Asks: 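Submitted below is the structure of interest, expressed as structure tokens.
Residue numbers begin at 1 in each chain, while the letters A, B, ... track the order of the sequences. What you see is a predicted model; the values in this text were computed from it and never measured. The figures here come from the full heavy-atom set of this structure, side chains too, leaving out hydrogens, waters and symmetry mates.
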2 protein chains.
Amino acid sequence: MPEIRRRSAPATRAAILDAARVRFGADGFDRVTIRDIAGDVGVDPAMVIRYFGSKDALFAEASAFDMELPDLTGLAPEAVADVLMVRFFDVWEDNAGFLSLMRAAATSKVAADKMLELFSRQVAPVLGSAAVDRPADRAALVGSQILGLALSRYVLRVPPLVAMSQEELRTLIGPVITHYLTGKVFE
Amino acid sequence: MPEIRRRSAPATRAAILDAARVRFGADGFDRVTIRDIAGDVGVDPAMVIRYFGSKDALFAEASAFDMELPDLTGLAPEAVADVLMVRFFDVWEDNAGFLSLMRAAATSKVAADKMLELFSRQVAPVLGSAAVDRPADRAALVGSQILGLALSRYVLRVPPLVAMSQEELRTLIGPVITHYLTGKVFE
DNA sequence: CGGTTAAGTCACCAACCGTTGACTTGGAGG
DNA sequence: CCTCCAAGTCAACGGTTGGTGACTTAACCG
């Protein structure tokens with residue numbers, strides 16, 4: 001555990017941001033109070049406002065994150081699905097920002113729009129480049145499965161999906177991703 | 001429109017319940033106030049408490065609903081997927097209870113558990129009976145895709161999924177449902 | 001027509017929330 | 001050691017919320 005320097009503004013700010021990520025990821029925007037977060041850090045609620053301006057601004061910073069998807073052009077569709085799912089598991093399991101945003105998106109229009117933009121700017125292009133046609137439609141279908149998995153496994157905690165390993169899920173869902181990207185959609 | 005008898009307790013109660021369903025479905029539990037609902041009906045907030053006891057009890061009643069899935073034993077897997085999706089669209093599009101529950105499940109443990117129980121008591125058995133093996137696992141996979149579709153189409157409003165018709169979505173996603181249930185490879 | 005009772009209203013409470021501004025404290029530099 | 005400024009605390013505000021209880025009103029019945 002890193003020695004926390006007392007009376008260090010950047011350290012305190014970072015600690016507040018970390019606590020906010022955890023809280024927002026666990027309970028969502030509305031159910032978390034500034035007093036909660038300040039209490040976790042052991043600091044006065046006024047500090048939160050001092051460093052972040054408002055609860056909304058704090059949430060915006062806490063739920064910001066980057067998918068950092070690699071360039072996948074030229075890869076075989078099966079490989080695309082695999083690489084993608086590996087990356088998603090990484091993001092989901094050690095970046096509370098995504099869970100925060102998804103939880104908030106369920107009840108907040110601005111959060112929903114933010115998530116939509118994240119998807120269309122970062123994820124959809126990569127997916128679309130691997131699609132045989134109708135890139136937007138196919139990317140959206142893949143997204144629905146990916147999001148459904150995240151919701152079921154990390155929010156609802158559906159027991160079978162929680163019990164399965166990442167590898168198992170990849171082998172089960174990967175073919176579906178590939179199918180959405182390459183399968184025939186017209187008869 | 002049915003003539004609303006003034007000073008009729010059952011009618012007022014029903015009107016409050018309807019307004020609650022709409023509000024909870026649109027904005028989620030936390031962002032809706034008793035005063036909002038009462039305002040929609042044009043009634044005093046105290047009436048809401050009088051008839052339902054508390055906000056939680058009102059939500060429980062407003063978000064209660066029944067899947068009413070028919071018995072599907074013996075049907076071909078493709079038919080199972082189709083029947084299922086038709087039923088889901090019906091529930092989603094004219095019963096705000098489901099959306100209420102899903103939105104609430106994103107941030108409330110009790111709502112998440114309620115949704116989980118609804119799935120495991122009403123949906124999973126039917127799905128499991130159509131699976132070739134590992135009924136719980138296969139049902140959960142189907143559930144993740146179904147839930148992801150609902151989230152993307154009705155909450156996030158992903159444009160391509162909103163634009164598609166029910167029939168189109170059935171032909172695109174149906175084969176995936178069948179695949180999850182039977183393990184059959186796509187052609 | 002008058003009275004009884006349920007339906008509906010009103011004022012209000014206690015708790016909690018985000019946010020603010022004035023105050024206090026600690027620690028580094030001269 | 002003293003000074004000074006950033007870091008941190010404190011008390012309080014205005015507003016909102018779920019919930020309560022006493023009051024008022026309307027409609028049915030004898």
Asks: Using heavy atoms to find the nearest nucleotide of DNA chain C for A:I34 and A:A46 separately, return the residue whose nucleotide is more 5′.
Replies: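 Here A:I34 is the residue nearer the 5' end.
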Asks: Ignoring hydrogens, what is the shortest heavy-atom contact between A:A111 and A:L101? Give both atom names and the distance.
Replies: O-CD1, 4.0 Å
Asks: Are B:V162 and B:Y154 close enough, and set up right, to give a side-chain contact (heavy atoms from CB on, under 4.5 Å), and what steps lead you there?
Replies: CA-CA 8 Å; B:V162 173; B:Y154 300 104; over 6 Å; no
Asks: Could you state the CZ-P distance from B:R50 to D:dT24, rounded to the nearest angstrom?
Replies: 15 Å
Asks: Do we see a donor-acceptor contact under 3.5 Å between the side chains of A:K114 and A:S63?
Replies: yes
Asks: Starting from P on C:dC17, measure out to CG on A:L58 and report it in whole angstrom.
Replies: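 Interatomic distance, CG of A:L58 to P of C:dC17: 15 Å.
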Asks: Is A:T12 close enough to D:dG8 that one of its side-chain N or O atoms is under 4.0 Å from OP1 or OP2 there?
Replies: yes
Asks: Using whole Å, what does the distance between atom C1' of nucleotide D:dG8 and atom CE of A:M47 come to?
Replies: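 The answer, rounded to whole Å, is 5 Å.
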Asks: For A:R13 and D:dA7, what is the distance between atoms CZ and C1' respectively, to the nearest whole Å?
Replies: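 Answer to the nearest Å: 15 Å.
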Asks: Between B:E93 and B:Q166, is any side-chain donor less than 3.5 angstrom from a side-chain acceptor?
Replies: yes
Asks: If you look at every strand shown and take non-hydrogen atoms under 4.0 Å, does B:V41 touch a base, only sugar-phosphate, or nothing?
Replies: nothing
Asks: Checking side-chain polar atoms at under 3.5 Å, does A:S54 have a donor or acceptor matched by the opposite partner on A:D56?
Replies: no
Asks: Using atom CG of B:D36 as one end and atom P of D:dT17 as the other, report the distance to the nearest whole Å.
Replies: 7 Å
Asks: Which is true for B:Y51 with a 4.0 Å heavy-atom rule: it touches a base, it touches only sugar-phosphate, or it touches nothing?
Replies: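 Counting heavy atoms under 4.0 Å across all strands, the contact made by B:Y51 is with sugar-phosphate only.
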Asks: For A:V32, which contact category applies under a 4.0 Å heavy-atom criterion: base, sugar-phosphate, or nothing?
Replies: sugar-phosphate
Asks: Measure the distance from CD1 on A:I49 to P on D:dA7 and round it to the nearest whole Å.
Replies: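 Rounded to the whole Å, the gap is 17 Å.
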Asks: Please report the distance, rounded to the nearest Å, between CG in A:D44 and P in C:dA22.
Replies: 16 Å
Asks: Mind calculating the distance between CD1 (B:I16) and P (D:dG18) to the nearest angstrom?
Replies: 14 Å
Asks: What is the nucleic acid contact for A:V48, judged by heavy atoms within less than 4.0 Å: base, sugar-phosphate only, or nothing?
Replies: nothing
